[in-house]
Amino acid sequence: MDRSISSQLHQEANRHLVGGVNSPVRAFKSVHGDPIYFNRASGAIVEDADGNSLVDFVQSWGPLVHGHAHPEIIKSISEVMAKGTSFGAPHIGEIELAKRVKERFPSIDLVRFVSSGTEAVMSAVRLARGYTGRDAIVKFEGCYHGHVDSLMVKSGSGLATFGISSSPGIPDATSGTTIVLPLDDEGALEYVFNDNGENIAAVIIEPLPANNGLLIQRKEFLEKLRSLCDEYGSLLIFDEVISGFRFPVGGYAGHIGIEPDITTLGKVIGGGLPVGAYGASREIMSVLSPMGPVYQAGTLSGNPLAMAAGVATIDLLDDDAYEFLEGLGSLLEREVGSVLEKHSFPMRLVRIGSLFWLSPGPGALPRRSDEIPDNGSKLYADVHLGLLQRGYMMAPSSYEIGFLSTSHNEEHVIGLAKALDGVLRDLGDLL
Ligand SMILES: *Cc1c(COP(=O)(O)O)cnc(C)c1O
């Protein structure tokens with residue numbers, strides 16, 4: 001497949017945009033070749049600037065649970081758009097989306113909409129600190145919560161050390177309020193709470209960590225977290241920006257039956273337009289301005305187009321949709337799994353619902369970031385390129401997961417497995 005126009009556009013973009021992109025992973029730094037420029041997209045298929053068609057398993061990194069340009073979602077947005085693109089005043093769309101969020105997340109009484117997942121998390125952390133009057137936040141290595149200053153930290157040398165920033169530009173005083181722990185380790189949790197529990201405002205976790213591979217947690221670990229938060233009066237924040245609305249019961253919280261104190265949402269909730277949200281019980285949310293003293297605002301928050309896209313997206317997510325996604329997911333698991341096995345390729349397919357990840361293997365499935373073998377990225381780069389040449393678009397990083405949408409069908413999934421078979425055969429010949 002010729003991609004010369006994409007490459008030319010990337011050269012030009014490099015003169016005007018930082019690294020040619022507006023979000024780093026899009027730059028294809030950890031896979032081969034230049035980023036692919038999209039011209040248009042419909043359903044599961046994108047057409048690139050060179051006129052190639054690709055089956056897309058990235059789906060804008062999660063938001064497009066019904067695929068690109070779904071007619072009903074586009075129709076809703078268009079109807080609302082004709083009446084004005086932004087009001088900066090209350091409108092009925094906000095009520096409609098809030099009701100749908102509450103239906104699916106029973107731990108939420110009141111919702112606040114913002115414009116990104118990062119903003120939702122940043123605001124939820126402030127809310128937790130304001131509510132508890134405490135400063136310390138616990139997060140986990142291998143969980144991503146957007147580019148929030150206080151959460152861009154990695155673990156120090158020893159257990160329970162306060163975080164060291166993983167990006168320049170973040171003062172020690174900011175990252176110093178964050179404690180970083182490993183996932184899947186109840187002992188570490190107990191140690192930190194015994195040591196410091198009365199200073200911990202909140203523990204934030206992706207209950208289904210899906211930004212550093214797909215690190216499915218044991219339920220006992222999440223239950224321990226819940227009970228320690230209760231014991232010490234710390235709030236439990238489930239960051240469901242990626243997992244929210246991917247399960248019939250709403251979020252991963254419902255799937256496993258553990259209720260958080262605060263939930264953060266993004267991606268699917270905006271159906272392809274910029275929306276984030278956070279919500280909790282009335283008691284917790286009441287400390288938020290204008291009801292209470294914790295400030296948080298946004299010029300474009302609750303934007304009418306974004307609310308309309310979210311409402312249409314969620315309304316299309318009925319029981320049939322989830323059943324369809326689960327069926328497609330298990331087909332993918334079988335088809336791709338058997339191809340990997342056939343070639344004895346050191347990768348496994350990890351899958352839950354409509355989310356999947358090509359995990360470097362062999363060995364037990366990783367539950368922590370340090371359990372992911374580090375030869376994975378190199379292998380993945382070759383697989384990524386091979387699939388691209390055969391018309392299948394996967395995320396340009398071995399740590400990013402894949403997404404199924406209701407616009408995918410069995411043909412797309414079986415096609416992916418067949419393409420992978422070809423890629424691995426060619427790679428085998430090279431070895
Ligand atoms: C994507 C993501 C974020 C950040 O959301 P943005 O809209 O990219 O700011 C935060 N948390 C999780 C779990 C995510 O997957």
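As the structure lists them, so they are numbered: ligands from 1, and atoms in each ligand from 1.
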With a 3.5 Å cut-off and sequence neighbours excluded, list the donor-acceptor pairs that the side chains of residues 255-268 form with protein atoms.
from, atom 1, to, atom 2, distance (Å)
Asp261, OD2, Arg226, NH1, 3.4
Asp261, OD2, Arg226, NH2, 2.9
Asp261, OD2, Leu236, N, 2.7
Thr264, OG1, Asp239, OD1, 2.9

Check your understanding: Would you call Lys219 and Glu223 a salt bridge, taking side-chain N to carboxylate O under 4.0 Å as the test?
Key ->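 Yes, this pair counts.
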
Review point. Are Lys224 and Glu186 close enough for a salt bridge, meaning some N to O gap below 4.0 Å?
Key: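 Salt bridge absent between Lys224 and Glu186.
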
**Study point:** Between His66 and Thr406, a side-chain donor and acceptor under 3.5 Å
**Key:**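 Looking only at side-chain atoms, Thr406 and His66 do form a donor-acceptor pair, the distance falling under 3.5 Å.
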
Practice item. Return the set of residues passing ring pair (Phe, Tyr, Trp, His ring centres under 6.0 Å) with Tyr144 (not counting sequence neighbours), or none when no residue passes. Key: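 Partners of Tyr144 under the ring pair (Phe, Tyr, Trp, His ring centres under 6.0 Å) test: none.
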
Review point. Under the ring pair (Phe, Tyr, Trp, His ring centres under 6.0 Å) test, which residues partner Phe403, sequence neighbours left out?
Key: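 Residues passing ring pair (Phe, Tyr, Trp, His ring centres under 6.0 Å) with Phe403: none at all.
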
Exercise for review: Check each protein residue for a heavy atom under 4.0 Å from ligand 1 and list those that pass, ordered by chain and number.
Suggested key: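 Close residues (ligand 1, cut-off 4.0 Å): Ser116, Gly117, Thr118, Tyr144, His145, Gly146, Glu206, Asn211, Asp239, Val241, Ile242, Lys267.
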
